[in-house]
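Take a look at the structure below.
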Amino acid sequence: MRVLGLSFGFHDSAAALVSDGIPLAAAQEERFSRKKNDDAFPVEAVQHCLAVSGLGIEDLDAVVYHEQPMVKFNRIVENWLRGYPASSKQFDQTVARWLKDRRFDVPELISETLGIDINKVFLSSHHLSHAASAYFASPFEEAAVLTIDGVGEVETTSVSIGKSSDIRQLKAAELPHSLGLFYSAFTSFLGFKVNEGEYKVMGMSAFGKPLYKDELLGLFNTNTDSLFELDQTLFSFNKMFSLPYTQAMIDRFGPPREYGSSFATVREHLPEGLSAEQEESLLAASKHYANIAASVQACTEELIIKLVRKATDLTGLKNVVMAGGVALNSLANGRLLREEGVKLFVQPAAGDSGCALGAALNHSHQNKGGMIPRWHQTKSAFGRAFDQKDALKAAKRSGFAIVDVLESRDEYLKKVAALLSEGSVIGWLDGASEWGPRALGHRSILADPRNAATQAIVNEKIKYREPFRPFAPAVPVEQAEQFFDFGEDLDGWRGQPWVPEVFMLAVHPVKTAAKSIIPAVTHADGTARVQLVHADESPTFYGLIKAFGDITGVPVLLNTSFNLNGEPIVDTPEDALRTFSLSGLDYLCMEGVIVSKTLAQGL
């Protein structure tokens, strides 16, 4: 059975093509349109999936949309009524957008756009799509399934049990009781974009103290028939206003942080040209916002742990799978692995893009009656791939100097490793692009983690983003325990190729002795979002880290996504060259082609 899953209409539009329960291709539309978090119909992502698979639309057995639009619209109407008359303008704008985007007739829109029989178009539900994206990609025949996000149609959190080919929901929380919207409200309050800046709150939290943790925890009641209830005093989730928080939050925590404003908790990071009074004011304000971020993060971690405990109690299972945007909270995931004694799988594309995959996987399993094999996700490289000819052609057109073209992979990796060991920061394009928000060694910016100054250089001169943002260490799985404290290993679980750390989805403490060795990837709180790299799954990236280790004695690379602030991760060689030209990168390395900033002679 060949099934195409689609997610679009809100954010992170995507397509995923599955054949008998095994993905053939998957991609977010933003990688093609170059519009971050693109919500449009994923036309180009669909074309990619068909091109990779060699299939035509006529070969598909089904196309499945990730949610139920009319159920969602009924919730919007209820919210409008609650907020009337203040919500009237926003409601009118929402209806106009729904009419323009044809969200009232999604099956017809899909049928017409793709040219497929409408009888082959189906609707899933949002949290079932999330659940399926995690369970049917996990190594477990039985698992507790936890989904946590802002809101789907109505549900915000669900606990299900996955067995064989079935997922059965046991309990759910509904709007306005939302952990995801709780986090997003504070994301907005702290001066970041909702559905984009939540991970910035995680980064900021390391610079503060959780002074308000108990107060925030007191807003949640977990002793209910549903999973939890959230006191709405500080929030406006159930009304159609422009801000997700109320005046009560401002009264309690002071004025919200201005979007794009400076942040510095130590004098060394202050912008130049400030008066002494301005310096003191910025330091005090930054510390205050960092304390709020730390409190929100600590509260969220406690709630996620409680929800996992509920899930394991309800199902009687210690195998846990997670999806939904909140499942990307890598600090919480690290604690779950170290403290809760669970075996955890998190869908790498845990946000709404992953719903495209989940919708397709669930339809495949439900309609094949358990007759298809289970797929275990060990990689995320489902996007477009390019060869050396493509890279060389793009490099020649760019006007930059081509330093080398190496056919031998070993020689190429040694050359790149040498550049990194000398302090160069490089853009790296290798193989198929990643599925999900993490760059895992296919579309990465790489640097030497031994130099403490590297963090500031990459943040400020290359990524053009906030100076407090941390970077991930990529390390061969066999050598990771030299540097990081993972806690007790459960039956060799950490060595498996599907653990959260393979997908950069868990934060762990850096060992004391290693902090001075890899300072550029050690965050302010002494932790790191670790990426474990397996030779079988990522042979080229693994080989590069090994080559760097052979030169330096430190088999760790600083790894961050290959993009500028506010842009999608690069996809094509042309994307990579554009980003290279606009950043402070020293070299660009693509499929054996090494490019420098020097202009080619004669150009």
Side-chain angles (χ1 to χ4, degrees), residues 1-8 12-34 38 40-66 110 113-116 120 129 132-133 136-137 347-349 353-364 372-373 375-391 393-394 429-443 503 536-541 562 568-576 590-591:
M1 172 169 279
R2 295 158 172 172
V3 183
L4 179 69
L6 299 178
S7 168
F8 62 89
D12 296 335
S13 293
L17 182 56
V18 170
S19 178
D20 286 341
I22 299 175
L24 302 179
Q28 288 180 234
E29 189 69 6
E30 69 168 24
R31 302 297 178 90
F32 303 87
S33 68
R34 310 309 302 159
D38 196 347
F41 193 109
V43 173
E44 292 189 84
V46 170
Q47 292 173 348
H48 159 72
C49 291
L50 294 173
V52 169
S53 66
L55 300 175
I57 288 293
E58 67 280 1
D59 298 314
L60 300 179
D61 297 295
V63 178
V64 188
Y65 185 63
H66 75 296
I110 292 172
T113 304
L114 298 183
I116 192 168
K120 290 185 175 182
S129 296
S133 76
F136 290 124
Q347 168 52 234
S353 61
C355 284
L357 177 62
L361 287 171
N362 187 64
H363 191 88
S364 294
I372 57 179
W375 166 67
H376 302 158
Q377 186 167 359
T378 59
K379 66 175 185 177
S380 66
F382 295 124
R384 285 186 287 186
F386 302 89
D387 59 22
Q388 189 173 91
K389 290 181 180 179
D390 298 320
K393 183 178 179 181
L429 184 150
D430 174 68
S433 57
E434 293 93 343
W435 166 244
R438 306 293 184 229
L440 301 172
H442 296 278
R443 302 291 187 275
F503 303 105
D536 291 342
E537 304 299 332
S538 303
T540 304
F541 192 45
F562 193 172
I569 298 174
V570 305
D571 204 70
T572 68
E574 288 78 11
D575 297 337
M590 306 183 293
E591 303 293 349

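The structure displayed is predicted, hence computed values, not measured ones.
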(message) For a side-chain contact (heavy atoms from CB on, under 4.5 Å) check, start with the C-alpha distance between D536 and T378, then their side-chain angles and the critical distance, and finish with the verdict.
(response) CA-CA 10 Å; D536 291 342; T378 59; over 6 Å; no

(request) Using the side-chain contact (heavy atoms from CB on, under 4.5 Å) rule, take S538 and L440 through it: C-alpha gap first, then chi angles, then the decisive distance, then the call. (result) CA-CA 9 Å; S538 303; L440 301 172; over 6 Å; no

(message) Go through it in stages, so that I can follow the logic: the residues are E29 and F8, the test is side-chain contact (heavy atoms from CB on, under 4.5 Å), and I'd like the CA-CA distance, side-chain angles, deciding distance and then a yes or no.
(response) CA-CA 9 Å; E29 189 69 6; F8 62 89; over 6 Å; no

(message) Test side-chain contact (heavy atoms from CB on, under 4.5 Å) on F386 and E574; report intermediate values, then the result.
(response) CA-CA 11 Å; F386 302 89; E574 288 78 11; 5.6 Å; no

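The structure places CG of L429 at 7.5 Å from CZ of F562, a figure rounded to the nearest 0.5 Å. Between L17 atom CG and L55 atom CG the span is 6.0 Å, to the nearest 0.5 Å. Annotation: the span from D59 atom CG to R2 atom CZ amounts to 5.5 Å, rounded to 0.5 Å. Taking CD of E434 as the start and CZ of R31 as the end, the distance is 6.5 Å to the nearest 0.5 Å. Put simply, CG on L114 and CG on L4 are 6.5 Å apart, with the number rounded to the nearest 0.5 Å.
With S19 contributing its side chain and I22 its backbone, the two residues share no donor-acceptor pair below 3.5 Å. Of the possible donor and acceptor atoms, none in the side chain of R384 sits under 3.5 Å from a partner among the backbone N and O of G431. Between the side chain of S13 and the backbone N or O of A40, at least one donor-acceptor pair lies under 3.5 Å. In terms of modelled atom types and a separation under 3.5 Å, the side chain of D61 and the main chain of V3 share no donor-acceptor contact. Between the side chain of S53 and the main chain of L50, a donor-acceptor pair closer than 3.5 Å is present. Between the side chain of R443 and the main chain of D571, a donor-acceptor pair closer than 3.5 Å is present.
Put simply, the side chain of V18 does not reach to within 4.5 Å of the side chain of W375, judged on heavy atoms. No side-chain heavy atom of D390 sits under 4.5 Å from any side-chain heavy atom of E591. By the 4.5 Å heavy-atom criterion applied to side chains, M1 and I372 are not counted as neighbours. At a threshold of 4.5 Å between non-hydrogen side-chain atoms, the residues P42 and L6 count as touching.
Between F32 and A27, the shortest heavy-atom distance links the atoms CE1-CB, 3.7 Å. When every heavy atom of A359 is checked against every heavy atom of V64, the shortest pair comes out as CB-CG1, 3.8 Å. Contact detail for W435 and Q28: the closest heavy-atom pair is CZ3-N, 4.2 Å. Looking at every heavy atom in both residues, Q347 comes nearest to L357 through NE2-CD2, 3.9 Å. Looking at every heavy atom in both residues, A349 comes nearest to G436 through CB-CA, 3.9 Å. H442 approaches S433 most closely through the heavy-atom pair CB-CA, 4.5 Å.
Within 6.0 Å of the NZ atom in K120, the count of heavy atoms belonging to other residues, nucleotides or ligands exceeds 12.
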